[in-house]
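Okay, so here's the structure we're looking at.
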Amino acid sequence: MTYARIAGVGSCLPEKVLTNKDLEGMMDTSDEWIRERTGMKRRHVAGEGETTGSMSLIAAQRALEMAGMAADELDMIVVGTCTPDKIIPATATIVQRELGIKGCPALDVNAACSGFLYGLDYANRYFLTGGAKKALVIGAETLTRIVNWEDRTTAVLFGDGAGAVVLEVSDEPGILATHIHANGEFEELLHTTGGISRGFDASCDRDGFVRMEGNAVFKRAVATFDSIARETVADLDGHLDDIDWFIPHQANMRIIKAAAKKLSMPMERVISTVDEHANTSAASIPLALDLAVREGRIKRGDTLLMAAFGAGFTWGSAMLKF
Ligand code: ACO
């Protein structure tokens, strides 16, 4: 059997850090409220010249280096993002150009916080049908550029960054299963009000900022993490005990803890970076993966379960042997 196996991981975080204390000076909020409600302590914020594309490039170069692979060996590039550098072209094509290669397909996937797992699912299907032998899958965001810094209910929650994996074809088990889903009924619970067909016009005062009904999203996120994790494990006739590490999307520490509890997963087996990175949307899972691999916590042969939930709603999971 042919598998897509992770050959290298990499990430990139902007240099600038905003702590909860910094936010206290910018809006009516407190370090205590943010820590208690979200578990977040600080977040990285893209500075001048730092973009989804530039961070993707650095994450990709680090992942390629770990894989011992040259960029021109890649058969495809997928970038999961809802904050591309420009509407067109796709950020993936910018990454491709900056890697100094051309010819292989390069595209963005917008599934909000589930973007990385959507990208992984997409690339994996190419491996399973013989369409790719080497691929780069990235999750990257500059969400702090689309939050309203006067809206404390959203501004404190997000951060910027990028994470990347290089996949390589293998006879050894790699990606074991992926599942992705969506339900567009809940658009208004988490969205940006402005867009190409809504107020995107030089003559009007458009507002493209993120708006969220936090409470409603919270409840659905917890329930969905549980069901998507169980779906994936059951699909493989496996058990949650088989999982060495659970890497959930890093939206909120309370969501992560509630999901882990429902899955009877001890927190010692959960990778969490929400305290340091806040919610980096599509970047959060590959960022957490890279950190845990480079810290030596995740080792070759470990079984990983990843799960994400985001605007749309979209949700997805992946189970793999690292
Ligand atoms: N500082 C201080 N007070 C605040 C802040 C703040 N930053 N934000 C809100 N409050 C206040 C509210 O105004 C409210 O005050 P009131 O009781 O006087 O009306 C109070 O705190 C409680 O507000 P809630 O919204 O009920 O707080 P909650 O406990 O639900 O926490 C949060 C809010 C953190 C947003 C939570 O609901 C959450 O994490 N939701 C899910 C986020 C998520 O999973 N997103 C999905 C992915 S994101 C993506 O796809 C891009």
Side-chain angles (χ1 to χ4, degrees), residues 18-43 52 80-84 109-119 139-161 180-184 186-193 195 208-226 228 248-260 272-275 277-285 287-288 306-317:
L18 264 189
T19 64
N20 294 349
K21 280 273 170 218
D22 294 330
L23 292 172
E24 282 181 0
M26 296 164 66
M27 62 192 77
D28 180 16
T29 191
S30 67
D31 175 42
E32 192 190 358
W33 189 96
I34 302 170
R35 277 181 197 242
E36 270 178 16
R37 302 286 176 137
T38 71
M40 295 166 189
K41 295 179 190 159
R42 54 186 70 82
R43 67 284 297 138
T52 296
T81 186
C82 58
T83 49
V109 176
N110 179 354
C113 299
S114 311
F116 174 73
L117 292 185
Y118 264 63
E141 305 280 11
T142 39
L143 267 160
T144 64
R145 295 215 165 106
I146 58 163
V147 294
N148 178 355
W149 288 98
E150 287 171 11
D151 174 10
R152 67 177 183 172
T153 68
T154 51
V156 303
L157 302 176
F158 297 103
D160 302 326
I180 53 172
H181 301 278
N183 181 351
F186 302 100
E187 176 185 351
E188 308 294 325
L189 293 182
L190 178 50
H191 66 133
T192 55
T193 51
F209 297 133
V210 174
R211 299 236 181 120
M212 177 166 67
E213 302 289 333
N215 258 313
V217 177
F218 189 101
K219 284 178 198 140
R220 210 153 257 278
V222 174
T224 306
F225 273 127
D226 181 55
I228 186 80
H249 166 51
Q250 311 284 315
N252 183 320
M253 196 56 188
R254 281 158 58 212
I255 295 179
I256 294 173
K257 280 190 174 160
S272 167
T273 55
V274 69
D275 54 342
H277 301 165
N279 181 348
T280 56
S281 186
S284 88
I285 290 178
L287 258 171
M306 302 168 175
F309 177 83
F313 293 136
T314 58
W315 61 100
S317 65

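In listed order, ligands and their atoms are each counted from 1. Hydrogens, waters and symmetry mates play no part in the numbers below; they use all other heavy atoms, side chains included.
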Would S281 and E141 satisfy side chain to side chain donor-acceptor pair (under 3.5 Å), going step by step from the backbone distance to the final call? CA-CA 7 Å; S281 186; E141 305 280 11; 3.0 Å; yes
Show, in sequence, the C-alpha distance, side-chain angles and deciding distance for T142 and D160, and conclude whether the side chain to side chain donor-acceptor pair (under 3.5 Å) test is met. CA-CA 5 Å; T142 39; D160 302 326; 5.4 Å; no
For side chain to side chain donor-acceptor pair (under 3.5 Å), just list the numbers for E24 and S30, CA-CA rounded to whole Å, side-chain angles, deciding distance to a tenth of an Å, and then say yes or no. CA-CA 5 Å; E24 282 181 0; S30 67; 5.1 Å; no
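With hydrogens left out, the protein atom closest to atom 31 (O) of ligand 1 is R254 NH1, 3.9 Å, a heavy atom. From the protein, the heavy atom lying nearest to atom 1 (N) of ligand 1 is T29 OG1, 2.6 Å. Considering only non-hydrogen protein atoms, atom 46 (C) of ligand 1 sits nearest to V217 CG1, 3.6 Å. Closest protein heavy atom to atom 49 (C) of ligand 1: C113 SG, 2.6 Å. Ranking protein heavy atoms by distance to atom 24 (P) of ligand 1, first place goes to N215 ND2, 3.9 Å. The protein heavy atom nearest to atom 35 (C) of ligand 1 is L157 CD1, 3.8 Å.
At a heavy-atom cutoff of 4.0 Å, ligand 1 is contacted by the side chain of N252 but not by its backbone. For L143, no heavy-atom contact with ligand 1 is shorter than 4.0 Å. Only the side chain of T38 comes within contact range of ligand 1, with a heavy atom under 4.0 Å; no backbone atom does. Looking at I255 against ligand 1, only its side chain comes within 4.0 Å, counting heavy atoms.
For ligand 1, the atoms sitting less than 4.0 Å from at least one non-hydrogen atom of V156 are 7 (N), numbered in the order shown with element in parentheses. Atom numbering of ligand 1 starts at 1 in the shown order; those under 4.0 Å from a heavy atom of M212 are 42 (C), 45 (N). Those atoms of ligand 1 that come under 4.0 Å of a heavy atom in F309, given as number and element, are 47 (C). Close approach of ligand 1 to G310 is summarised as follows: ligand atoms under 4.0 Å from at least one heavy atom of the residue are 50 (O).
Contact between L143 and G159 at its shortest, heavy atoms only, is CB-O, 4.2 Å. Between G316 and L117 the shortest heavy-atom distance is O-CD1, 3.4 Å. Closest of all the heavy-atom pairs between T273 and Q250 is N-OE1, 2.8 Å. Across all their heavy atoms, A308 and H249 have their closest contact at CA-CB, 3.7 Å.
Taking only nitrogen or oxygen atoms, main chain and side chain alike, H249 does not reach within less than 3.5 Å of ligand 1. In terms of N/O distances under 3.5 Å, ligand 1 is approached by W33. The shortest N/O to N/O separation between A112 and ligand 1 does not fall below 3.5 Å. Distances between N or O atoms of N279 and those of ligand 1 include no value under 3.5 Å.
Under the 4.0 Å distance rule, the nearest protein heavy atom to atom 18 (O) of ligand 1 falls outside the cut-off. For atom 26 (O) of ligand 1, a protein non-hydrogen atom is found at a distance below 4.0 Å. Distance check on atom 7 (N) of ligand 1: some protein heavy atom falls below the 4.0 Å cut-off.
Looking only at side-chain heavy atoms (C-beta outward), T38 and L157 come within less than 4.5 Å of each other. In this structure the side chain of H277 reaches within 4.5 angstrom of the side chain of L287, judged on heavy atoms. The shortest distance between side-chain heavy atoms of P248 and F225 falls below 4.5 Å. Using a 4.5 Å heavy-atom cutoff, the side chains of S272 and M253 are in contact. Within the 4.5 Å cutoff, no side-chain heavy atoms of R43 are placed close to those of F158. The shortest side-chain heavy-atom distance between I256 and V274 falls under the 4.5 Å cut-off.
A cation-pi arrangement, defined by a distance under 6.0 Å to the six-membered ring centre and an angle within 45 degrees of its axis, is present between R220 and F186.
Remark: among candidates G115, A251, G214, the nearest residue to atom 37 (O) of ligand 1 is G214, based on non-hydrogen atoms. Counting only non-hydrogen atoms, the option in E213, R152, R37, E32 that gets closest to atom 29 (O) of ligand 1 is R37.
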